[in-house]
Amino acid sequence: MAIEGVTPDAIARAARLLREGGLVAFPTETVYGLGADAANGRAVAAIFEAKGRPSFNPLIVHILDADEGERFAVFPTVASRLADVFWPGPLTIVLRRHADAPLSPLVSAGLDTVALRSPGHPVARALLEASGVPIAAPSANRSGYVSPTTAAHVAADLDSRVDLILDGGPASMGLESTVIDASSGGDAVLLRPGAVPAEDIARALGTALRSPRAIPGAAPLSPGQLASHYAPRARVRLGATHVEPGEALLAFGLPEPETAGPKINLSPGGDLREAASRFFAALRDLDAIGTDRIAVVPIPTDGLGAAINDRLRRAAAPHREK
Ligand code: TXA
Ligand code: MG
């Protein structure tokens with residue numbers, strides 16, 4: 001088993017693994033994270049695979065500081081204030097991505113926003129510095145299990161699914177970071193209560209936080225619904241074995257159904273990790289060329305196929321009125 005104590009050598013090895021597209025579990029002040037290079041789509045896909053998540057939830061991207069964050073996202077005044085007061089620390093800020101942000105679309109589950117956090121734990125910071133890459137990391141547990149606060153928890157849960165576990169002792173807080181949406185530039189919205197009390201955030205901003213539940217007329221949200229999901233403009237037809245006139249094709253594996261129209265193959269070789277890493281960009285690319293209808297071939301439902309099919313079913317469901 002690949003648990004390593006924190007030595008300069010172990011940090012260097014972990015950093016190299018991240019740069020090469022591997023998965024490294026590491027301690028933060030809240031819980032252990034399962035990290036990958038946030039710019040590497042296949043590595044990010046491997047996180048979802050290792051967690052066994054049946055859907056693509058957006059991930060937190062860990063960075064050293066707000067200066068690094070500004071390479072990826074827009075910081076409205078409210079966000080800069082939050083970063084000044086609470087970073088490094090257990091606060092995650094959801095911000096609007098720059099259109100050309102060098103991050104995989106998969107970390108945002110296709111959304112225009114990205115969640116950024118500058119962790120305070122010395123091992124997390126050493127790993128960020130040594131690797132030089134932004135680190136996408138959800139809590140390092142299998143989907144449906146509780147968040148791990150020790151290296152042994154991670155090993156018990158993820159075992160051979162992770163390339164290296166850095167053992168930095170127990171995570172001191174044991175409660176995940178507070179997630180605040182500051183992407184609108186207006187009032188900050190509390191998306192997930194966590195290690196920084198909402199009262200402290202409100203005091204720092206001098207205004208009360210909006211809760212998603214308090215939006216007039218809106219139905220109560222469960223945590224899984226907090227991030228609205230990217231859905232293509234085009235209508236989506238699933239399980240297609242042929243392409244009808246006017247349809248674009250979203251294929252997986254070979255052979256493809258015949259078409260003279262626009263098409264994207266998520267993975268000609270039939271690799272689900274490659275398909276996951278290309279999925280959201282493919283939907284956006286098909287939208288961008290003005291496609292009205294997309295025919296999607298059957299995609300296997302094992303492994304990452306479950307999450308891809310989950311997103312496709314949502315995209316195929318009748319669009320809600322805006
Ligand atoms: O303390 C923590 O936050 C730990 C450590 C490892 O940093 N990470 C963690 O990640 O708890 P995870 O993936 O288990 O939870 C991330 C939360 C989810 O509730 C997710 O919906 C939200 O952040 N989130 C991420 N990106 C988002 C986005 N673009 N918009 C809205 N919510 C987002
Ligand atoms: Mg979690």
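Along the sequence shown, residues carry numbers from 1. All heavy atoms count here, side chains included; hydrogens, waters and symmetry mates do not. Note that ligands are numbered from 1 as they come in the structure, with each ligand's atoms numbered from 1 the same way.
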Does any N/O atom on [X] come nearer than 3.5 Å to any N/O atom on ligand 1?
| X | value |
| --- | --- |
| S139 | yes |
| K51 | no |
| R192 | yes |
| H62 | yes |

Sphere of radius 2.8 Å around the Mg ion (ligand 2) - protein N, O or S atoms inside:
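Short answer, with waters excluded from the count: S139 OG.
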
Please confirm whether R53 approaches ligand 1 to less than 4.0 Å, judged on its heavy atoms.
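Contact present.
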
Run the numbers for me: atoms of ligand 1, each under 4.0 Å from some heavy atom of [X], listed by number.
| X | value |
| --- | --- |
| A115 | 25 (C), 26 (N), 27 (C) |
| T113 | 28 (C), 29 (N), 30 (N) |
| R117 | 1 (O), 5 (C), 7 (O) |
| T30 | 1 (O), 2 (C), 4 (C), 5 (C) |

List the atom of A46, the atom of L23, and the distance in Å for their closest heavy-atom pair.
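Answer, listing the atom of A46 first, then L23: O-CD1, 3.7 Å.
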
Quick one: which of [options] has a heavy atom closest to [atom]?
| atom | options | result |
| --- | --- | --- |
| atom 25 (C) of ligand 1 | G194, P58, P148, A171 | P58 |
| atom 2 (C) of ligand 1 | A73, P138, A109, S177 | S177 |
| atom 32 (N) of ligand 1 | V31, L111, L191 | L191 |

Quick test of your reading of the model: are [X] and [Y] salt-bridged, counting only N-O distances below 4.0 Å?
| X | Y | result |
| --- | --- | --- |
| E29 | R117 | yes |
| R278 | E274 | yes |
| R284 | D287 | no |
| R210 | D181 | no |

For F56 and F280, take the angle between the two ring planes, folded into 0 to 90°, and tell me which bin it lands in: parallel under 30, tilted 30 to 60, perpendicular over 60.
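Perpendicular.
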
ring-ring contact (aromatic ring centres under 6.0 Å, His included) between F26 and Y32, worked out
CA-CA 6 Å; F26 62 96; Y32 271 69; 8.1 Å; no

Test item: T291 side-chain N/O and A248 main-chain N/O as donor-acceptor pair under 3.5 Å
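Side chain of T291 to backbone of A248: no pair is present.
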
Answer with side chain, backbone, both or neither: which part of E176 has a heavy atom less than 4.0 angstrom from an atom of ligand 1?
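Both backbone and side chain of E176 come within 4.0 Å of ligand 1.
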
Same apolar cluster: L128 and V6, side chain cutoff 4.5 Å:
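Per the 4.5 Å side-chain linkage, L128 and V6 are co-clustered.
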
Short side-chain donor-acceptor distance under 3.5 Å, R125 and T28
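No - no donor-acceptor pair under 3.5 Å links their side chains.
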
Could you tell me if R192 and T92 have a donor-acceptor pair between their side chains, going purely by distance under 3.5 Å?
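Absent: no donor and acceptor within the cut-off.
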
With a 3.5 Å cut-off and sequence neighbours excluded, list the donor-acceptor pairs that the side chains of residues 93-110 form with protein atoms.
{"from": "R97", "atom 1": "NH1", "to": "S104", "atom 2": "O", "distance (Å)": "3.2"}
{"from": "R97", "atom 1": "NH1", "to": "S108", "atom 2": "OG", "distance (Å)": "2.8"}
{"from": "R97", "atom 1": "NH2", "to": "L103", "atom 2": "O", "distance (Å)": "2.8"}
{"from": "H98", "atom 1": "NE2", "to": "E70", "atom 2": "O", "distance (Å)": "2.8"}
{"from": "H98", "atom 1": "NE2", "to": "A73", "atom 2": "O", "distance (Å)": "3.2"}
{"from": "S104", "atom 1": "OG", "to": "L106", "atom 2": "N", "distance (Å)": "3.0"}
{"from": "S108", "atom 1": "OG", "to": "T113", "atom 2": "O", "distance (Å)": "2.7"}

